[in-house]
Amino acid sequence: MLKILVTGGDGLLAYALRKLQPADCDLIFLSHSDFDLTAPARMQVQLDAIGPQVVINTAAYNLVERCEQERELSWAVNAIGPESLAKTCAERDIRLVHYGTDYVFDGAKKAPYAETDAPNPLNHYAAGKLAGEKAVLQASAKHLVLRTSWVFGLHPTQTKSYVHTVLRTVCGGKDLKATTDQISVPTFAGDLAQWTIELARRNAGGLFHAVNDEGASRYDWTKIILVEAEQAGLIGKAPTVEPATTAFFKSPMRRPDYSVLSNQKLATFLGHTLGSWRNGLRKMLAYEARR
C-alpha cells in the first residue's frame, strides 16, 4: 500500500482523488484548516505522526483577483508554504506532488507551451505560484510539479468551478458574456486525479504539464458547456453567449491571453493520450442532473 497524505482535503481535486479509491493506495485527507501551509512547525509534527510516503498538495490560494489585494496572504500560501512543505518532505524522504498554473506564462508565444519554455508571470497570483513550484523542484529531485489549467469537476458541496458559474448564470436568467481573447485548456479534475496517482505509483519527479487535449477560448468553452447542459436536461434551450474582450470586464489584474499547455511530455511518460475535457464535462453534467 502506498500511504498518501492529501492536503486541501475538502477541495475539488481532493474530492476527485477520493472518488478514485485506488486499491493500492491508503489516502488520508486533511482540510485546509487541519493542515495549514503557513504553519511549518505544525506541518512537521503532522507528517511525523502520519508517516506518508507521498504528500499530494492540492491546497492553494486561487482567488486570482483577490491575490492582487491580499498579496501577503497569497504569497504565504502559494510560495512560502509550498517551500516549507517541500523542504520538510525532503528531510523525511517523502515525495511531494504540487500543482502549478498555466498563468506563469505571458501568452506571447501563441503556441502550446512546453515545460522547457521560460515563464513570465503577469500578475501576483502567477508570481507566487511560480515561486512555489521553483521551491518544490529545488528541494528534491523526487518532488513533482504538475502545471494545470481551468480545472473543473463534480463536488457534492463546492460549486466554484467555471462550469458551475455558467449554469448558475443561466438558471438565474442573466445574460452571458465570455471572453474571446483568453485561451487555455479546460481540465477535468477526475482526469487530473488519475494522472496524479499514476505518476505517484511510478515515482515520477520533475515538471509536467497536466491538462486535457484541447485548447479553447472562454467564449467557445462557455458555448460547449451550454450545449452539453441542454443535452443533459439541466437547462432549456441554450441561450446565446455574447462575445467580449477581457478589457470589457475591467479586471484589476493582467491575464495571459494565450496559456495553452502542451501535454505531450506527460502523455509520452504515461504511455497513453490524456483525452478530451469534453468527456469529463459530460460526466460532471450527468452528475449534476442526478442531484
Side-chain angles (χ1 to χ4, degrees), residues 4-23 25 27-34 56-64 97 99 101-102 146-172 176 178 184-200 210-216 218 220-236 238-239 241 261 263 266 270 272-291:
I4 301 175
L5 170 63
V6 181
T7 72
D10 48 6
L12 194 67
L13 182 53
Y15 182 74
L17 287 162
R18 195 187 299 269
K19 288 278 289 183
L20 283 180
Q21 297 183 328
C25 298
L27 294 174
I28 300 162
F29 295 86
L30 290 179
S31 67
H32 294 281
S33 58
D34 292 329
I56 299 176
N57 178 39
T58 74
Y61 193 115
N62 54 17
L63 299 173
V64 294
V97 181
Y99 297 90
T101 174
D102 59 319
L146 301 179
R147 280 189 191 137
T148 191
S149 60
W150 290 7
V151 177
F152 71 96
L154 52 93
H155 194 284
T157 58
Q158 293 202 15
T159 56
K160 299 176 184 178
S161 77
Y162 185 70
V163 178
H164 290 114
T165 299
V166 169
L167 294 176
R168 274 197 302 271
T169 302
V170 173
C171 292
L176 268 174
S184 191
V185 186
T187 302
F188 182 51
D191 291 337
L192 182 56
Q194 182 61 53
W195 308 329
T196 300
I197 294 299
E198 289 182 60
L199 289 164
V211 295
N212 283 122
D213 281 344
E214 182 185 358
R218 283 279 186 194
D220 290 333
W221 169 219
T222 304
K223 290 197 298 181
I224 293 168
I225 291 169
L226 293 174
V227 168
E228 294 293 343
E230 180 182 344
Q231 293 180 359
L234 285 168
I235 61 174
V241 182
L261 302 178
N263 62 16
L266 180 56
L270 294 178
H272 60 76
T273 60
L274 303 188
S276 172
W277 46 263
R278 295 171 187 255
N279 298 326
L281 177 61
R282 293 183 187 116
K283 290 178 184 177
M284 176 183 174
L285 295 176
Y287 171 83
E288 293 294 328
R290 294 194 300 269
R291 295 177 69 171

Minimum heavy-atom separation for [X] and [Y], please, with both atom names.
X	Y	result
M284	S161	CE-OG, 3.8 Å
V185	E214	CG1-O, 3.5 Å
L281	I225	CD2-CA, 4.0 Å
G153	F188	CA-CE1, 4.0 Å
V241	K223	CG2-CG, 3.9 Å

Looking just at side-chain N and O atoms, do [X] and [Y] make a donor-acceptor pair shorter than 3.5 Å?
X	Y	value
H164	E288	yes
S276	N279	no
N263	N212	no

Supply the atom-to-atom distance [X] [atom1] to [Y] [atom2], rounded to the nearest 0.5 angstrom.
X	Y	atom1	atom2	value
R218	Y162	CZ	OH	6.0 Å
L266	T273	CG	OG1	11.0 Å
F29	I56	CZ	CD1	8.0 Å
I235	L226	CD1	CG	5.0 Å
L146	T196	CG	OG1	5.0 Å
H272	Q194	NE2	CD	7.0 Å

Does the [X] side chain pair with the main chain of [Y], one donor and one acceptor, at a distance under 3.5 Å?
X	Y	value
R18	G9	yes
T7	T58	yes
S31	G8	no
R291	P156	yes

Next item on the list: Step through it carefully: locate the ring centre of W277, locate the ring centre of W221, and say whether they are under 6.0 Å apart.
Entry: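 Yes - the distance between ring centres of W277 and W221 falls below the 6.0 Å cut-off.
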
Side-chain heavy-atom pair [X], [Y] within 4.5 angstrom cut-off:
X	Y	value
K19	Y15	yes
I224	R278	yes
V151	Y99	no
L274	D191	no
T157	D10	no
I4	I197	yes
V227	E230	no

Check: Given the rule in the side-chain contact (heavy atoms from CB on, under 4.5 Å) test, do W195 and T187 qualify, once you have shown the distances and angles that lead to the verdict?
Finding: CA-CA 12 Å; W195 308 329; T187 302; 4.0 Å; yes

